[in-house]
2 protein chains.
Amino acid sequence: MSLDYMIQYLDFTYLLLPIDIYQAVASIGSSAPIEACMRPEDAAAIRDLLLFRDAREDTFAELVRAGFLQRFPPGVTLINESEPADFLYVVVEGLVELFATSGDRETTMSIVEPVGTFILAAVLNDQVYLQSARTLEKAQILMIPAEKVREALGTDPAFTHAVVTELARGYRRAIKEVKNQKLRTGAERLANWLLRQAVPSDTEARVRLRFEKRVLSSLLGMTPENLSRALSALKPHGVVILGPEILIQDQAALLRFANPSPLVDGPE
Amino acid sequence: MSLDYMIQYLDFTYLLLPIDIYQAVASIGSSAPIEACMRPEDAAAIRDLLLFRDAREDTFAELVRAGFLQRFPPGVTLINESEPADFLYVVVEGLVELFATSGDRETTMSIVEPVGTFILAAVLNDQVYLQSARTLEKAQILMIPAEKVREALGTDPAFTHAVVTELARGYRRAIKEVKNQKLRTGAERLANWLLRQAVPSDTEARVRLRFEKRVLSSLLGMTPENLSRALSALKPHGVVILGPEILIQDQAALLRFANPSPLVDGPE
DNA sequence: CGTAAGATTGAGTCCGATCAAGGCGAGTGG
DNA sequence: CCACTCGCCTTGATCGGACTCAATCTTACG
């Protein structure tokens with residue numbers, strides 16, 4: 001058992017003991033300044049987030065100072081829906097899956113990449129989380145106490161304005177997702193997702209999956225089996241599957257099939 | 001042809017001539033003070049909206065003063081998706097359907113009752129509408145210029161805070177709708193919708209549809225035919241259909257089938 | 001090299017959509 | 001007052017898409 005694995009295991013145990021989490025995390029947070037744990041470029045990336053970019057220097061400093069920077073191994077559940085929103089989360093490194101359940105069914109709601117935040121709405125209204133979150137790979141997460149975020153809201157107008165903008169963005173993204181689900185078939189959702197992921201290129205685009213296909217299938221609202229079939233169905237439309245790598249050889253053909261719209265797939 | 005109908009018809013023509021709308025509406029707005037056109041209880045209801053309740057008196061007055069109060073006949077398209085967001089809308093009376101399209105498909109996104117607002121997010125970020133809106137019945141609508149809303153955002157902290165809360169609410173409602181769509185079957189969505197509409201009662205609840213069933217079917221993400229079948233499928237679970245009136249005779253049974261959750265069906 | 005987990009493929013079933021026909025009700029005109 | 005008509009709702013039959021179950025293949029990793 002390697003030391004690396006030991007560390008991961010220890011982190012993991014913190015999460016299995018909810019009562020002890022806060023002390024454990026807090027002690028880590030207080031013993032080592034956030035800035036010391038973070039690579040400078042990561043700190044700069046957080047500062048450059050739309051949510052923080054226009055905030056006053058002292059607002060930002062206070063939020064980060066009060067936050068806990070923590071590393072997690074893959075597969076760790078960070079939050080559970082129906083729990084009160086204690087922290088605003090910032091993904092500094094790695095991948096986080098937001099998912100939701102109802103009865104015994106579960107679906108992936110979104111994938112958060114660095115540098116992105118999640119569950120801002122629950123934090124602001126001091127409500128329970130509507131979604132759960134788990135790490136998909138080794139991740140570095142900044143957790144900012146909800147109380148601090150709400151405080152900053154009252155003291156820094158520029159930050160408040162950024163929160164409004166970010167909330168409105170999230171709102172609109174969610175509306176688009178409803179449209180995506182209600183107006184499209186599975187194969188169309190997949191085609192549009194691929195086009196959105198693809199690095200723009202004149203000739204051909206390549207999409208490299210950073211997570212399992214079963215996660216993608218759930219994100220798109222279908223079963224893993226169906227995703228396989230949907231991918232096959234896209235072959236006649238210029239798509240080539242090479243394991244976790246997907247080539248879009250004929251972008252025009254895929255666009256014709258996908259029929260994307262900025263009112264559904266738009267970046268914001 | 002009655003005078004009443006004439007007036008409706010004239011209103012309608014304004015909407016068919018987009019270039020002339022603004023002048024027409026503006027002239028109405030300036031010739032008659034809003035307060036004169038509105039019943040006092042309606043004005044009070046608007047003031048009592050979560051969005052306006054905590055706003056300063058002068059902020060509210062300015063927003064309403066700059067707004068246009070307009071009556072519309074049923075079936076009038078108020079806004080079209082992809083158009084720039086020029087107004088924040090408040091439904092004072094009647095019913096408004098928000099819907100969205102993609103290609104030749106269309107789906108109902110939500111129904112707005114008095115007193116409610118719609119498309120706040122687009123207004124705040126100065127973006128295009130993601131949804132279209134049409135009246136389902138004779139309606140009275142207050143249209144507040146987007147510019148005024150954004151101005152108020154910078155001058156009235158209490159209003160800003162209300163906007164944050166309202167946005168977060170809308171965001172969470174949209175997330176819930178995604179969960180509703182991805183995690184439930186059509187019949188389950190129907191059952192939960194009925195329970196949500198039903199006036200709480202110890203014995204039996206009654207739901208009276210205020211709009212066509214085809215609209216409801218679209219709202220729930222199914223075809224009209226399927227809604228009929230889904231309603232029939234709920235009969236063994238204590239539901240009786242009497243045309244546009246639906247009785248829930250056995251609430252316990254329907255609850256057992258619907259399996260509602262505050263994280264999907266909650267009021268906020 | 002062996003195991004385990006994920007991905008794919010096939011077969012059967014279910015849910016929902018489409019197409020087509022008939023019933024009901026409101027509004028219209030004779 | 002009554003037939004007519006036009007939507008809307010319903011019902012049935014058929015079709016297609018998506019899910020389930022099961023088996024096989026691939027891959028990652030010990």
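The figures here come from the full heavy-atom set of this structure, side chains too, leaving out hydrogens, waters and symmetry mates. Every chain is numbered from 1, with letters handed out A, B, ... down the list of sequences.
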Check: Among B:Glu97, B:Arg214, B:Arg134, which residue meets the side-chain hydrogen bond (donor to acceptor under 3.5 Å, both in side chains) test with B:Thr108?
Finding: B:Glu97
Next item on the list: Keeping the roles fixed (side chain from A:Ser102, backbone from A:Arg105), state whether a donor-acceptor pair exists under 3.5 Å.
Entry: no
Margin query: Tell me the closest heavy-atom pair linking A:Ala253 and A:His237, and the distance in Å.
Written below: CB-O, 3.8 Å
Next item on the list: Let me know the distance between CD1 of B:Ile241 and P of D:dT11, rounded to the nearest Å.
Entry: 8 Å
Notebook entry, point to check: At their closest point, which heavy atom of B:Glu106 faces which heavy atom of B:Ser218, and how far apart are they?
Noted result: O-OG, 4.1 Å
Notebook entry, point to check: Within this structure, what is the CZ-to-P distance between A:Arg184 and D:dG16, rounded to whole angstrom?
Noted result: 23 Å
Next item on the list: Find the distance B:Leu234:CG to C:dC15:P and express it as a whole number of Å.
Entry: 13 Å
Check: Hey, does the side-chain of B:Arg229 have a donor or acceptor N/O within less than 3.5 Å of a partner on the base of D:dG12?
Finding: yes
Notebook entry, point to check: How long is the line joining CZ of A:Arg214 and C1' of D:dC19, in whole Å?
Noted result: 15 Å
Notebook entry, point to check: Of the nucleotides C:dT9, C:dA17, D:dT10, which one has an atom closest to the side chain of B:Met222?
Noted result: C:dA17
Check: What's the shortest heavy-atom distance between B:Leu255 and B:Pro260, and which atoms?
Finding: O-CD, 3.6 Å
Next item on the list: Please report, rounded to the nearest Å, how far the C1' atom of D:dT20 is from the CG atom of A:Asp104.
Entry: 14 Å
Margin query: Check this one for me: any side-chain N or O of A:Thr223 less than 4.0 Å away from OP1 or OP2 of D:dT20?
Written below: no
Next item on the list: Using atom CG of B:Leu183 as one end and atom P of D:dC19 as the other, report the distance to the nearest whole Å.
Entry: 12 Å
Next item on the list: For the pair B:Tyr89 and B:Phe118, name the ring-plane relationship: parallel under 30°, tilted 30 to 60°, perpendicular over 60°.
Entry: parallel
Next item on the list: Compute whether any side-chain donor of one residue and acceptor of the other, for A:Thr101 and A:Glu81, lie under 3.5 angstrom apart.
Entry: yes
Notebook entry, point to check: Quick one: does B:Glu225 reach the base of C:dC19 with a side-chain donor-acceptor pair under 3.5 Å?
Noted result: yes
Note to self: Below the 4.0 Å mark, does C:dT8 have OP1 or OP2 next to a side-chain nitrogen or oxygen of A:Ser232?
What the structure shows: no
Notebook entry, point to check: What is the distance, rounded to the nearest whole Å, between atom CG of A:Leu216 and atom C1' of C:dG6?
Noted result: 14 Å
Note to self: Between P on C:dA7 and CD1 on A:Ile246, what's the gap in Å once rounded to a whole number?
What the structure shows: 11 Å
Note to self: What's the closest nucleotide to the side chain of B:Lys213 if the choices are D:dA18, C:dA17, D:dC9?
What the structure shows: D:dC9
Next item on the list: Please tell me which of the listed nucleotides, C:dA17, C:dT8, D:dC19, lies nearest to the side chain of A:Ser228?
Entry: C:dT8
Next item on the list: Give me the bend of the helix from C:dC1-D:dG30 to C:dG30-D:dC1, using the axes of the five pairs at each end, rounded to 10°.
Entry: 30°
